Amino acid sequence: MADRDITTGFHRQIPFNIGIPMLEIKFVRQNFPTVEAALKARGAAVDLVAFTRADAQRVDILSEIEQLRHQRNVVSEQIADIKRQGGDAGTMMAEMRTVGERIKGLEKDLAEQEQILGGLLLEMPNLPHASVPPGLSEEDNPVLKTVGQPPVFDFTPKGHWDIGEQLGILDFTRAARIAGARFPLYLGAGARLERALINFMLDTHTGEHGYTEVLPPFLVNRRSMTNTGQLPKFADDLFKLENWDYFLIPTAEVPVTNIHQDEILTEAQLPIYYTAYTPCFRSEAGSYGKDTRGLIRQHQFNKVELVKFTRPESSYEELERLLDNAETILRRLGLAYRVVTLCSGDLGFSAAKTYDIEVWMPAQGVYREISSCSNFESFQARRANIRFKEKGRKGTQLVHTLNGSGLAVGRTVAALLENYQRADGTVAVPEALRPYMGGKDTIGR
RNA sequence: GGAGAGAUGGCCGAGUCGGCUGAAGGCGCUCGCCUGCUAAGCGAGUGUGGGGGGAAACCUCCACCGAGGGUUCGAAUCCCUCUCUCUCCGCCA
């Protein structure tokens with residue numbers, strides 16, 4: 001396979017520079033009060049004093065370096081002239097030698113300040129959009145709308161884990177033997193159902209919603225994880241390969257958003273819509289004892305993701321549309337759901353605004369998250385360096401990135417099993433899915 | 001795994017013994033001209049980031065020729081390390 005350094009046991013450490021997030025520095029410097037207030041609203045502790053100090057020092061050092069470099073450039077030119085005419089430039093060369101050393105020293109100082117700044121900036125969460133409701137936790141997320149009627153049963157509805165195991169289409173015991181807790185094993189009609197849903201979702205998004213299907217790598221490097229915001233702060237939530245600087249993707253958002261890393265798009269290309277099916281891998285660190293049964297919280301699950309790259313002015317409009325694209329799947333499957341707006345305190349690190357779609361789960365009698373649709377505005381684009389150029393306008397602008405699950409497939413299976421269960425233990429297949437299930441209208445024994 | 005070749009601007013492609021090369025030339029693109037349409041033709045312009053000046057057009061400085069480091073007064077050009085790409089052989093889904 002790949003190169004391997006036996007001495008360190010280290011496979012291909014992929015070097016990368018996240019670069020000096022200049023835009024980020026400028027943005028924070030210029031919007032200091034806003035940033036300060038927004039971070040407080042989020043409950044994020046960021047050392048803005050250290051930021052200001054490092055920023056000021058950086059600017060000082062940089063201007064001195066540039067001055068010296070200019071001097072060196074000019075004098076070097078003169079030396080060239082003198083030498084061409086056969087003269088002696090010994091003194092000038094000696095002089096420039098010390099200038100060169102001084103520059104080298106300053107460059108070291110500069111790198112130090114930039115390291116400090118970079119570290120702080122990478123740990124700074126996105127600022128919530130003005131429309132985000134204030135709040136501290138999940139409890140404070142307002143319900144935006146409720147769609148569909150939860151089904152009424154004339155028997156006590158069972159949990160999807162019981163239904164699935166009784167039908168022989170889910171087997172958590174064997175999955176645990178193969179891998180461990182929180183891994184799924186689908187069998188027969190269960191495996192078929194999972195695949196049917198993936199195809200149904202992809203077909204709907206590509207055929208009706210204008211998305212381009214992509215199938216990205218399931219392992220990504222550190223830079224990609226950093227760009228979308230999983231790193232550096234949330235390394236504990238990720239699975240990382242031993243001896244390789246690769247991570248298993250926790251969502252297709254990571255590889256798909258990074259498709260255009262370091263690119264300058266043209267305005268004509270925007271908006272770009274991608275949809276991707278991928279498995280997702282999450283360590284679920286710190287969730288011991290939560291959702292231990294069933295498909296709700298797994299180390300590995302499938303998801304169909306929606307990702308958009310848009311112009312800044314239209315990103316919120318696009319968010320509404322993306323949300324509707326995800327909702328469409330639930331409506332077609334005839335599942336009851338509601339949409340909540342995440343409050344400032346519950347917002348993810350990279351998001352400026354997020355809607356969660358929650359599907360009705362009869363066994364527990366609660367709505368459970370099945371999709372999360374977010375606008376990241378320019379946050380990820382800044383880190384990933386994704387810009388676009390507008391005709392007749394100088395320079396470049398950052399795109400806005402958005403994404404949402406459309407939907408989490410494992411949770412959709414769970415919802416279908418519970419919502420369409422019958423007293424005899426069989427499960428009805430919703431109309432929309434039948435073509436993908438070989439015409440089957442029932443999952444039975 | 002073995003052997004070799006390469007990485008330059010939106011693309012193709014040149015860079016001499018290290019010195020006005022941010023980078024020839026071509027293509028593309030933009031604006032203007034011309035032609036009763038189209039094609040062709042002519043002229044000008046056309047990288048990114050950052051700093052300074054200016055109302056603006058624009059001017060000016062610094063950096064960037066895969067990445068990082070080194071040599072030097074001076075590096076796209078020399079040296080080292082890494083990454084990636086391509087070709088051939090082997091192996092493999």
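A quick note: this is a predicted structure, and the numbers were derived from the prediction, not measured. In what follows, chains carry the letters A, B, and so on, assigned in the order in which the sequence lines appear, proteins first and then strands, with residues in each chain numbered from 1. Atom set for the values below is all heavy atoms of this structure, side chains included, hydrogens, waters and symmetry mates excluded.
- With salt bridges taken as basic N to acidic carboxylate O contacts below 4.0 Å, none links R182(A) and D291(A).
- Between V75(A) and K389(A), the residue anchored nearer the 5' end of RNA chain B, judged by the nucleotide with its closest heavy atom, is K389(A).
- Across all strands shown, G74(B) remains unpaired; no Watson-Crick or G-U wobble contact has both distances below 3.5 Å.
- Minimum atom distance to the side chain of K83(A) is reached by G19(B), of the listed U48(B), G19(B), G49(B).
- Of the C1' atoms belonging to C58(B) and U46(B), the separation is 16 Å, rounded to the nearest Å.
- A gap of 13 Å separates the C1' atoms of U21(B) and G9(B), to the nearest Å.
- Salt-bridge annotation for D441(A) and R434(A): absent, with no side-chain N of the basic residue lying under 4.0 Å from a carboxylate O of the acidic one.
- For G6(B), the paired base is C84(B) (Watson-Crick or G-U wobble, both distances below 3.5 Å).
- Ion pairing between R332(A) and E431(A) fails under the 4.0 Å rule for side-chain N and carboxylate O.
- Nucleotides C78(B) and U71(B), compared at atom C1', are 8 Å apart to the nearest Å.
- Under 4.0 Å is where a charged nitrogen must lie from a carboxylate oxygen, and between R321(A) and E318(A) at least one such pair does.
- Base pairing of C64(B) is made with G47(B), judged by Watson-Crick or G-U wobble geometry with both donor-acceptor distances under 3.5 Å.
- Residues R58(A) and E114(A) are paired through a salt bridge, judged by an N-O separation under 4.0 Å between the basic side chain and the carboxylate.
- Rounded to whole angstrom, the span from the CG atom of L110(A) across to the C1' atom of G50(B) amounts to 12 Å.
- If you measure from atom CG of D262(A) to atom C1' of U48(B), you get 11 Å, rounded to the nearest angstrom.
- Base pairing of U16(B): no nucleotide in any strand meets the Watson-Crick or G-U wobble criterion (both distances under 3.5 Å).
- Comparing the same atom, P, in C73(B) and in G18(B) gives a spacing of 15 Å after rounding to whole Å.
- Between Y211(A) and Y273(A), the ring planes lie tilted relative to each other; the angle falls in the 30° to 60° range.
- For Q261(A) and U48(B), the CD to P distance is 19 Å, given to the nearest whole Å.
- Listed pair S63(A) / G52(B) fails the phosphate criterion, with no side-chain N or O lying under 4.0 Å from OP1 or OP2.
- Between U48(B) and G10(B), the distance separating the two P atoms is 8 Å to the nearest Å.
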Nucleotide-resolved protein contact map, nucleotides 61-66 of chain B, B/S/- at heavy-atom distance under 4.0 Å: SBS---
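- The same atom, C1', is picked in U16(B) and in G1(B); the two are 40 Å apart, to the nearest Å.
- You'll find the ring centres of Y420(A) and H160(A) outside the 6.0 Å limit.
- When rounded to the nearest whole Å, the span between CD of E263(A) and P of G9(B) equals 14 Å.
- Shown for residues 95-109 of chain A: residues whose heavy atoms fall under 4.0 angstrom of RNA chain B, namely M96(A), R97(A), K104(A).
- Ionic pairing of E284(A) and R282(A) is not present here: no N-O contact between side-chain nitrogen and carboxylate oxygen is shorter than 4.0 angstrom.
- Rounded to a whole Å, the CG atom of N221(A) is 15 Å from the C1' atom of C82(B).
- When Watson-Crick and G-U wobble pairs are counted only if both distances are under 3.5 Å, A39(B) pairs with no nucleotide at all.
- Taking atom C1' on both C64(B) and A23(B), the two are 12 Å apart, rounded to the nearest angstrom.
- In this structure, E267(A) places its CD atom 16 Å from P of C29(B), rounding to the nearest Å.
- Note on residues 224-237 of chain A: no pairs pass salt bridge (Lys or Arg N to Asp or Glu O under 4.0 Å), not counting sequence neighbours.
- Between D346(A) and R42(A), none of the side-chain N atoms (NZ, or NE/NH1/NH2) sits under 4.0 Å from a carboxylate O, so this pair counts as no salt bridge.
- When heavy atoms are screened at a 4.0 angstrom cut-off, T396(A) is found touching the sugar-phosphate backbone but no base atom.
- Here U46(B) presents its P atom at 20 Å from CD of E390(A), a figure rounded to the nearest Å.
- In this pair, F379(A) and F349(A) present their aromatic rings perpendicular. The plane angle is above 60°, beyond the 30 to 60° band.
- Spacing of C1' atoms, U60(B) relative to C79(B), comes out at 35 Å, to the nearest Å.
- Distance E77(A) CD to G18(B) C1': 14 Å, rounded to the nearest Å.
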